[in-house]
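Letters A, B, ... mirror the listed sequences (proteins, then strands); counts begin at 1.
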2 protein chains.
Amino acid sequence: MTDTPSKPRREQIHDVASRLFSERGYHATSMRDLASELGMQGGSLYAHISGKEDLLIEIVNGASRQFDEALLALQSADLPADEKLREAMYRHIQVVAENLESATVFFHEWKHLSPEAYRKVTHWRDTIDNFYRELITQGIREGVFSPGLDVRMASNLILSVVNWTYTWYHPGGLLSPRNVADSFAEMLLSGLKTPLPQERP
Amino acid sequence: MTDTPSKPRREQIHDVASRLFSERGYHATSMRDLASELGMQGGSLYAHISGKEDLLIEIVNGASRQFDEALLALQSADLPADEKLREAMYRHIQVVAENLESATVFFHEWKHLSPEAYRKVTHWRDTIDNFYRELITQGIREGVFSPGLDVRMASNLILSVVNWTYTWYHPGGLLSPRNVADSFAEMLLSGLKTPLPQERP
DNA sequence: CCTACCGATCGGTAGG
DNA sequence: CCTACCGATCGGTAGG
């Protein structure tokens, strides 16, 4: 019988790399930094991985896959556009909030990827962009969203809000992803301005 | 008589550093990369600057000063809150758009600053945060903004939108900072949803 | 602003 | 997973 280790070594490396890359950045993290946090020597890492960039690719791809899985299932959901937007924002923010470290690496370090992995990320961005644009378009068609909307700018607006979460969200705090999403979605849908007074009685 | 050089060498170094740091990141840019773009040897840079971090500090401080100058003049402006918000978003986005490279460095590389400069940035963030919170508070007091707003989240929402601009804006494109700001401000103020039908005639 | 150099550290490998 | 090492490159300096 073999021991059942708490977590595969490979996964531990991935986790520590996510943390260090997100805190210090990819290039400012050395393989020796990484190894020492895992209690091993620098060279020993290469028994588990084939190179530093492998780790970055794995983290970035993992993050983009999480976004895909969270959002693309919604694409064909039979919901009014405003509810679909609320749910999409919730899922999007949830992925960011529950994977803050890899999300941070994803947003900051993808430019250091070699061409192939780099293209994958730009392609991913287009996919997500399209998701939100279609959602807006659907909403306008349904009459739920304002017909004057610029679809591109509206999708841009939403993406700004959900993505920027990685810069300020604190997982241990009072706000759950649901709270954040509800609050943001409500403001985006209804606007900051006081609704016009109906009429004088 | 001496020549009047097109641009002081010091400034050229600053500009090239902004570009390289924004494209490749601070740690992935070597002093030799920088020097070779300026047509000199690595060591020669130190006739003009005292160290690599000096450049980063200068870029980051320059960016935050630009934001300050653009926004803080508005603080005491005698404008209705909704117009003040439009103008603030315009100025904020303008700073980002007209200084894309240093803005990118500002948002991505500030975590590599040594403690003193690091604190200055976090302090700056609080200042800007307060600016938008006061703007929201003013708007609620005036009855222009919805009384139910969560001030912190509303300011967060606005900051997301204006800051995220650095990730997608293309200076040579069709959209001017004014276009972007108008579009975003309008959506934020009035919301994405179709206004409720007034009443049936 | 250049040449020549410093010690330190980098990612990665060989051999066990 | 360790020891010992590789060539390359790093930020920075001395002396001119």
Euclidean distance, atom CZ of residue Arg10(B) to atom P of dC1(C) [Å, nearest integer]: 13 Å
All pairs passing side chain to side chain donor-acceptor pair (under 3.5 Å) where residues 125-136 of chain B contributes a residue, at least two apart: Gln75(B)-Glu134(B), His92(B)-Tyr132(B), Asp129(B)-Arg133(B)
Side chain to side chain donor-acceptor pair (under 3.5 Å) partners for Glu101(A), two or more places apart: none
Secondary-structure stems for DNA chain C, with pairs counted as Watson-Crick or G-U when both distances are under 3.5 Å and runs at least 3 long: C:1-16 with D:1-16
Partners meeting ring-ring contact (aromatic ring centres under 6.0 Å, His included) with Trp124(B) (sequence neighbours left out): Phe67(B), Phe106(B)
SB check Lys120(B) Glu116(B) (cutoff 4.0 Å): no
Side-chain ion pair, Glu186(A) and Arg86(A), N-O less than 4.0 Å: yes
Non-hydrogen atoms of Ile136(B) and Ser155(B) that approach each other most closely: CG1-N, 4.4 Å
Under 4.0 Å protein heavy-atom contacts per nucleotide of nucleotides 4-16 of chain C, with B for base, S for backbone only and - for none: -B----SBBB---
Value in whole Å for how far the C1' atom of dC2(C) lies from CG of Leu38(B): 15 Å
Pairwise side chain to side chain donor-acceptor pair (under 3.5 Å) hits with a residue in residues 142-152 of chain B, at least two apart: Gln138(B)-Glu142(B)
Any side-chain donor near an acceptor of the partner, Tyr166(A) and His108(A), under 3.5 Å: yes
Atom-to-atom span, CD of Gln41(A) to P of dT3(D) - whole angstrom: 5 Å
